[in-house]
Protein chains: 2
Amino acid sequence: MTDAQPLYARVKDHILANIRSGAWEAGRRVPSENELVESFGISRMTANRALRELTAEGFLSRVPGVGTFVREQPALSSLMELRNIAEEIAQRGHRHSSRVMSKREIESNPALAEEFEDRSLKHLFHLLIVHEENGVPVQLEDRYVNPLVAPGFLDHDFTRTTPTAVLLSAAPVDELEHTVEAVLPSLEQQRLLAIGGLEPCLGLHRRSWSLGRVATVVTLTYPASRYALYSRHRTTARGTVSQ
Amino acid sequence: MTDAQPLYARVKDHILANIRSGAWEAGRRVPSENELVESFGISRMTANRALRELTAEGFLSRVPGVGTFVREQPALSSLMELRNIAEEIAQRGHRHSSRVMSKREIESNPALAEEFEDRSLKHLFHLLIVHEENGVPVQLEDRYVNPLVAPGFLDHDFTRTTPTAVLLSAAPVDELEHTVEAVLPSLEQQRLLAIGGLEPCLGLHRRSWSLGRVATVVTLTYPASRYALYSRHRTTARGTVSQ
DNA sequence: TGTATAAGGTTGTATATACAGTATAGTCGA
DNA sequence: TCGACTATACTGTATATACAACCTTATACA
């Protein structure tokens with residue numbers, strides 16, 4: 001069952017594990033290529049590849065003549081897309097409620113394994129929730145969660161706390177990917193959201209990463225008549241900062 | 001001038017240029033490592049690095065024992081950045097064209113005055129453009145422009161340059177507001193985009209500010225089957241930087 | 001005709017070696 | 001004491017070589 005992983009991948013995993021566990025904090029120097037050569041018994045080119053890829057992936061930074069260092073990682077706050085729908089509805093002075101339609105451990109499949117970028121993932125957590133504003137369905141949440149990132153995920157009562165809040169407390173989020181599309185609802189979606197088949201919906205597909213692992217994949221479906229997505233950004237000299 | 005670029009980077013640029021120009025379309029086989037060795041006079045490891053990195057960056061896909069191929073670039077539009085649709089299409093190796101359906105000065109009205117946050121605004125520029133990818137309509141651009149910010153706006157030939165490019169060169173953008181919704185197309189939109197009435201569309205409504213004034217208000221309509229909106233963000237110690 | 005085998009091309013990984021460029025610490029000398 | 005020089009460590013790139021795994025095609029055989 002040992003996956004016969006390539007050597008450079010083992011070195012990468014070793015370094016990532018140290019970062020994930022907190023043993024190596026940001027700014028700390030990681031072993032040089034020559035030190036990895038000695039400790040792993042590999043060639044310098046193999047050590048170089050491991051460090052170079054981790055640098056391209058944003059986990060390390062390298063300075064010629066000096067060394068390789070753990071990069072400053074997450075400022076976990078204020079990701080505009082990670083707003084909590086319960087808070088959002090409360091902010092409008094309305095009542096938020098949710099119905100958990102499904103909450104269980106499922107087996108993986110090739111499509112999911114690819115989305116999670118992990119073929120060895122055998123089981124996943126799945127969640128299907130209808131969120132209501134003053135009793136009217138406004139969002140359908142179809143979520144898969146990586147057990148490696150949040151082992152105790154299913155133990156929570158999701159009518160009292162939202163999955164997003166649980167995940168944020170379990171692991172820092174360092175990367176987000178969003179895809180937004182317009183869709184017509186499936187029959188099941190029509191039933192769960194109590195809408196007709198001709199009402200267009202917004203589909204928001206989101207993947208979030210935590211220290212190099214895909215933590216969760218979620219599809220949010222909003223009936224167009226009841227919800228729009230909104231964002232406001234201010235540009236700075238450095239880049240785009242969400243508000 | 002000569003940047004003394006590394007060899008692997010030159011190979012990468014060569015391949016990317018062929019993809020961007022459209023010379024190599026999606027699915028086409030790219031030269032094998034050994035062919036690159038011959039044509040560039042480099043070692044196989046250098047060719048391997050170029051192809052491997054382009055694969056990691058999503059431009060190529062490789063199949064052991066078969067070859068390396070240009071990957072299908074998804075039709076995705078970046079939500080957070082002000083990107084030029086012409087560049088975006090060119091990056092996928094496709095041909096961009098546009099038809100200017102309307103381009104004139106109009107009188108303001110209360111609704112527009114409110115959107116522009118300026119009641120004294122008597123006149124505005126209006127633009128209606130259909131953007132096409134390989135001759136197929138993919139975006140309907142319905143734009144209003146503040147003459148105070150870009151007085152000579154109407155003088156440009158918008159089949160040669162995009163409104164976004166003109167506005168960016170006229171004034172810095174310091175704030176953006178987006179609203180995304182799913183809509184069914186109006187009769188006119190059906191006609192301009194050459195779609196049926198049952199095809200849901202993404203409506204992206206954007207206001208941009210320049211030095212405290214609303215510079216432009218634009219509604220972009222994308223047929224769902226031909227376009228999706230996409231954004232990917234990585235958090236850093238500084239904030240959220242769009243990629 | 002159908003099947004097994006062989007050959008050749010392709011990617012994937014690993015090593016040993018070499019040289020260039022950069023930063024740092026220490027030494028030597030004025 | 002200060003500056004120039006040197007040794008050393010580290011990263012960055014490039015090459016030649018080797019072997020494994022995989023796929024396709026052609027060939028030989030039953």
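Excluded from the calculations below are hydrogen atoms, water molecules and symmetry mates; all remaining heavy atoms, backbone and side chain alike, are included. Protein chains get the first letters and strands the later ones, always in sequence-line order, with residue 1 at the start of each.
Summarising the geometry, the separation between CZ on Arg49(A) and C1' on dT13(C) is reported as 7 Å, rounded to the nearest angstrom. Put simply, CG on Leu54(A) is 15 Å from C1' on dT11(D), counting in whole angstrom units. Here the P atom of nucleotide dG12(C) and the CG atom of Leu36(B) are 13 Å apart, to the nearest Å. Atoms CZ (Phe40(A)) and P (dA14(C)) sit 13 Å apart, rounded to a whole Å. Taking atom CG on Leu7(B) and atom P on dA14(D), their separation rounds to 4 Å, with Å as the unit. Per the geometry, CG belonging to Asn34(B) stands 15 Å off P belonging to dG8(C), to the nearest Å. For the pair Phe69(B) CZ and dT10(C) P, the interatomic distance rounds to 10 Å; values are reported in whole Å. Rounded to whole Å, atom C1' of dT11(C) lies 11 Å from atom CZ of Arg52(B).
Each of dT11(C), dA16(C), dA14(C) was ranked by its minimum atom distance to the side chain of Thr68(B); first place goes to dT11(C). Listed nucleotides dA16(D), dT11(D), dT13(D) differ in distance to Pro6(B); the shortest reach to its side chain belongs to dT13(D). Distances were taken from every side-chain heavy atom of Tyr8(A) (C-beta onward) to each of dA14(C), dT13(D), dC10(D); the shortest belongs to dA14(C).
Each of Leu204(B), Leu140(B), Leu202(B), Ile129(B) was checked for a side-chain contact (heavy atoms from CB on, under 4.5 Å) with Leu220(B), and the lone residue meeting it is Leu204(B).
Annotation: cation-pi geometry not satisfied between Arg71(A) and Phe59(A) (NZ/CZ under 6.0 angstrom from ring centroid, within 45° of ring axis). Remark: Arg29(B) is not positioned above the aromatic ring of Phe69(B), lacking an NZ or CZ atom under 6.0 angstrom from the ring centre and at most 45 degrees off the axis.
Comparing Val66(A) and Arg44(A) by the nucleotide of DNA chain C whose heavy atom lies nearest to each, the residue mapping closer to the 5' end is Arg44(A). Nearest-nucleotide positions on DNA chain D place Arg62(A) closer to the 5' end than the other of Ile42(B) and Arg62(A). The residue among Pro64(B) and Glu33(A) whose nearest nucleotide of DNA chain D lies closer to the 5′ end is Glu33(A). Along DNA chain C, the nucleotide closest to Gly65(B) and the one closest to Asn48(B) are compared, and the more 5′ of them pairs with Gly65(B).
Centroid-to-centroid, the aromatic rings of Phe158(A) and Phe153(A) come within less than 6.0 Å.
In this model, no donor atom of one side chain and acceptor atom of the other lie less than 3.5 Å apart for Glu107(A) and His123(A).
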